[in-house]
Amino acid sequence: MSKKLNLLQYDISEMRSFFANVGEDSFRADQMMHWIYRRYCDDFRLMTNFSRSLRRRIGSISQIIPPRIQEEKVSLDGTIKWRLISSSKDTFETVCIRDKGRITLCISSQIGMFCEVSILLCFKQKI
């Protein structure tokens with residue numbers, strides 16, 4: 001059996017192609033994105049605006065798997081750096097910076113790249 005597709009890795013265009021490939025209308029992609037990104041749902045059985053047969057069919061070929069934390073480092077000032085691993089075994093990093101009542105999240109845009117420099121460089125400068 002082939003590996004299931006992770007729908008969490010799809011943008012809206014790829015999601016529309018996915019639904020077209022299973023013989024469904026493109027509006028199904030919008031519905032799926034709503035379930036994933038608005039309702040934080042990763043269980044096809046709960047997606048009640050899809051028929052039971054469609055939920056079973058989608059569930060047999062796809063899944064919704066978020067990245068897992070592989071490593072966590074916490075600095076003295078409360079900044080947290082996580083190394084995450086995706087369902088496809090790719091790794092990337094994200095840094096959570098707490099400062100003056102707000103939280104900034106820096107996410108690496110390149111798979112496999114790790115931040116070896118000071119976390120201070122992740123702050124945005126005011127222009």
Side-chain angles (χ1 to χ4, degrees):
M1 185 173 137
S2 65
K3 186 177 173 183
K4 288 185 177 185
L5 305 169
N6 185 359
L7 297 183
L8 198 59
Q9 297 175 331
Y10 286 16
D11 63 22
I12 189 63
S13 164
E14 293 165 322
M15 191 71 76
R16 287 186 177 126
S17 293
F18 169 80
F19 277 100
N21 289 335
V22 297
E24 292 291 327
D25 291 326
S26 63
F27 76 89
R28 294 292 188 192
D30 299 312
Q31 291 175 317
M32 181 61 70
M33 294 299 230
H34 181 84
W35 279 105
I36 294 171
Y37 296 107
R38 298 285 177 132
R39 293 189 168 200
Y40 309 110
C41 182
D42 61 359
D43 186 345
F44 298 121
R45 294 173 296 181
L46 301 176
M47 299 179 182
T48 55
N49 56 347
F50 295 115
S51 69
R52 282 191 181 119
S53 63
L54 179 56
R55 286 181 268 171
R56 278 193 296 272
R57 191 163 28 124
I58 292 170
S60 71
I61 59 173
S62 66
Q63 58 190 349
I64 301 168
I65 305 291
R68 289 185 349 262
I69 296 174
Q70 185 179 49
E71 181 181 4
E72 177 180 273
K73 294 181 181 179
V74 182
S75 70
L76 295 175
D77 68 355
T79 299
I80 305 169
K81 183 163 102 173
W82 293 292
R83 180 173 293 170
L84 304 170
I85 185 165
S86 70
S87 62
S88 59
K89 305 298 183 215
D90 294 315
T91 58
F92 58 98
E93 290 189 350
T94 184
V95 178
C96 179
I97 305 163
R98 298 172 204 274
D99 183 48
K100 298 177 185 164
R102 67 179 189 177
I103 297 174
T104 301
L105 189 63
C106 299
I107 302 172
S108 172
S109 61
Q110 296 182 340
I111 294 292
M113 299 299 291
F114 302 110
C115 183
E116 300 298 336
V117 296
S118 170
I119 290 175
L120 295 176
L121 295 178
C122 292
F123 281 107
K124 287 186 177 179
Q125 293 182 341
K126 290 185 179 179
I127 299 176

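Predicted model, so just to flag it, every value in this text is computed and none were measured.
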Requested in this report: Please lay out, stage by stage, how Ile97 and Cys106 fare under the test side-chain contact (heavy atoms from CB on, under 4.5 Å).
Outcome: CA-CA 8 Å; Ile97 305 163; Cys106 299; 4.2 Å; yes

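Grouped with Phe27 in a hydrophobic cluster is no other residue, since no side-chain heavy-atom contact under 4.5 Å to another Ile, Leu, Val, Met, Phe, Trp or Tyr is found. Hydrophobic cluster membership of Ile64, counting Ile, Leu, Val, Met, Phe, Trp and Tyr whose side-chain heavy atoms lie under 4.5 Å apart directly or via other members: Leu5, Leu7, Leu8, Tyr10, Ile12, Met15, Phe18, Phe19, Val22, Met32, Met33, Trp35, Ile36, Tyr37, Phe44, Met47, Phe50, Leu54, Ile58, Ile61.
Atom CG of Asp90 and atom CD1 of Ile85 lie 8.0 Å apart (nearest 0.5 Å). Put simply, OG1 on Thr48 and CZ on Arg55 are 6.5 Å apart, with the number rounded to the nearest 0.5 Å. Atom NZ of Lys81 and atom SG of Cys96 lie 14.0 Å apart (nearest 0.5 Å).
Arg83 pairs in a side chain to side chain donor-acceptor pair (under 3.5 Å) with only one of the listed residues (Glu72, Gln70, Glu93), which is Glu93.
Considering only residues two or more places apart in sequence or on other chains, Asp30 meets the salt bridge (charged side-chain N to carboxylate O under 4.0 Å, His left out) condition with Arg16. Remark: Glu14 engages no residue in a salt bridge (charged side-chain N to carboxylate O under 4.0 Å, His left out) (not counting sequence neighbours). Every residue two or more places apart in sequence or in another chain was checked for a salt bridge (charged side-chain N to carboxylate O under 4.0 Å, His left out) with Arg56, and none qualifies. Partners of Arg28 under the salt bridge (charged side-chain N to carboxylate O under 4.0 Å, His left out) rule, at least two apart in sequence or in another chain, are Glu24.
Looking only at side-chain heavy atoms (C-beta outward), Gln9 and Ile65 stay at 4.5 Å or farther from each other. In this structure, the side chains of Val95 and Leu105 stay at 4.5 Å or more apart for every pair of heavy atoms.
Looking at Lys4, its side chain does come within 3.5 Å of a backbone N or O of Gly59 through a donor-acceptor pair.
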